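Report on one structure; see the data block that follows.
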Number of protein chains: 2
Amino acid sequence: MVKQTFLNLPKEKRERIIEIAIEEFASKPYTKASLSNIVNRAGIAKGSMYQYFEDKRALFRYLLELAAQEKLAFLKEAEVNSDVNFFETLEKVMLAGFRFNLAHPQLSRIVANAMEGTGEAVIQEFMMSGRKMACEYFMELLKRGQEGGEVSPDVNVRLTANLLNRILGEGLADYILEIMEVDLHEFLTKPEIAQNISEDTIKNIVNEAIRFLRNGLEAQS
Amino acid sequence: MVKQTFLNLPKEKRERIIEIAIEEFASKPYTKASLSNIVNRAGIAKGSMYQYFEDKRALFRYLLELAAQEKLAFLKEAEVNSDVNFFETLEKVMLAGFRFNLAHPQLSRIVANAMEGTGEAVIQEFMMSGRKMACEYFMELLKRGQEGGEVSPDVNVRLTANLLNRILGEGLADYILEIMEVDLHEFLTKPEIAQNISEDTIKNIVNEAIRFLRNGLEAQS
DNA sequence: CAGTCATATGACTACCTGGTCATATTGTAC
DNA sequence: GTACAATATGACCAGGTAGTCATATGACTG
């Protein structure tokens, strides 16, 4: 899908192209994102792009893989160790996802775009498999939590995994946008907004979300 | 935006056009959905469509308004009365949303598509105001719940409202697709799948989700 | 120098889109 | 039947797209 030619490119050029492609695909839905636009902005010929990638889908998919890779790096850094305490693990996963969102708002926007459907079958399959992996991970986590006695045996593991998926993904992202009082466009075009959110703020939000997941909403009687 | 001409149309024709438009916009992202396609399938001339709606956005927006209207009807039917018990209210709202999703899978797909961005400013504004309304409703609900002593005073109302928004929306929808073991396309094109989900199944899922929201995941010690 | 291979190029094609408009058809009232 | 307004029509336009390909430019080898 990515052609060797692209990988042979000098790092600088490669990164410039990718950066511009990310901007394009983050700022509009897949179908509206334009290769002509990208090549013009990057100062390369249309034909060159097709020496680098099979087609539009291949480029987009490359960006998605890049996003996955980057997110995984954040998870690695968080030293997630699924063996220990369930809620601690969940907290680390949430924190890592959060940091990824703030460090790469455009990449995470691209993923969100791809999630709701680009109209390209190959992309949808790719996203579906990613979604499934995430859900299975949460399910595994929940099961172990139940075995360890931390998580109530009553919870429906599959249902909860799906809810966690949306909570950690879009749910938190929505909230951040709301409290920062910026619209999506601002958030994407001014990376300093995301970068300037303090470590404390992030930890606070995560703590509150974890408390919600732990205890629910009901007042303790 | 909708022109009088369209509203003057015989009910039958009007409904046929709308039905086909819904199919088109539900089956592909906004940009890829094609007016030419719709008019061909509906057996009317392209120009006629522009006698009915200002432009593509207007038609799409009309569908969104129709979806909102329909969903509101389900909420009305659920006899949601925000004054009483918080969790009961939440349950009714959840049930109504669920039933709407199953009764109108294509409409709810269109809403989801629109949510993640069509690239049209006017549509985004419309969706954003809808999202805000939903969030504010949940916030109001949560606040009253706290005042009534049902909801823990510790919960971050704004955060929780955002999470509820995603849980009741996409979260449950994801789960349904997973347990039915169908992909989105099947679910949209074969309405009998959604229709055949038993009342018991629905109530069970809602109960489980409510229990999760009530008590959280942690085992009671 | 010549020869060979990887890379770069941008004019070009084929296609499809949203949207328009002069014309034709219909319905209605007198 | 005639006059008038509402509605329907589809050929047409301008604009944009993804993707191609013959040609040009390097860059490296002997």
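Everything quoted here is computed from the prediction, not taken from an experiment. Lettering follows sequence order; numbering is per chain, from 1.
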| Residues that K32(B) engages under salt bridge (charged side-chain N to carboxylate O under 4.0 Å, His left out), provided they are two or more places apart | E120(A)

| request: Tell me, please, the opening and closing nucleotides of DNA chain C, 5' to 3', among those with an atom under 4.0 angstrom from a non-hydrogen atom of chain A. | output: dT7(C) to dG10(C)

| request: For DNA chain C, find the residues of residues 34-41 of chain B with a heavy-atom distance under 4.0 Å and give them by number; none if there aren't any. | output: S34(B), L35(B), S36(B)

| Contiguous Watson-Crick or G-U pair runs (3 or more, under 3.5 Å) in DNA chain C | C:1-30 with D:1-30

Are there any protein N/O atoms within less than 3.5 Å of an N/O atom in nucleotides 4-6 of chain D, and if so, which ones and at what distance?
none

| Mind checking what makes ring pair (Phe, Tyr, Trp, His ring centres under 6.0 Å) contact with Y62(B), not counting sequence neighbours? | F6(B), F53(B)

| note | What residues 53-65 of chain A contributes to the DNA chain C interface at heavy-atom separation below 4.0 Å is none

| note | In whole angstroms, the gap separating C1' of dG19(D) from OH of Y52(A) amounts to 16 Å

| NZ of K32(A) versus C1' of dA18(D): gap in Å, rounded? | 17 Å

| M1(A) CE to dG19(D) C1': how many Å, rounded? | 15 Å

| request: For N113(A), check side-chain hydrogen bond (donor to acceptor under 3.5 Å, both in side chains) against everything at least two apart and list the hits. | output: R109(A)

| Mind checking what makes side-chain hydrogen bond (donor to acceptor under 3.5 Å, both in side chains) contact with Q124(A), not counting sequence neighbours? | none

| field | Strand contacts (DNA chain C) in residues 12-21 of chain B, 4.0 angstrom heavy-atom criterion | value | none

| request: Can you sort out the partners of D55(B) under side-chain hydrogen bond (donor to acceptor under 3.5 Å, both in side chains), two or more places apart, ordered by chain and number? | output: R57(B)

| query | With sequence neighbours left out, what residues match R166(B) under side-chain hydrogen bond (donor to acceptor under 3.5 Å, both in side chains)? | reply | D174(A), E170(B)

| request: Measure the acute angle between the ring planes of F25(B) and Y30(B), then classify it against the limits of 30° and 60° as parallel, tilted or perpendicular. | output: parallel

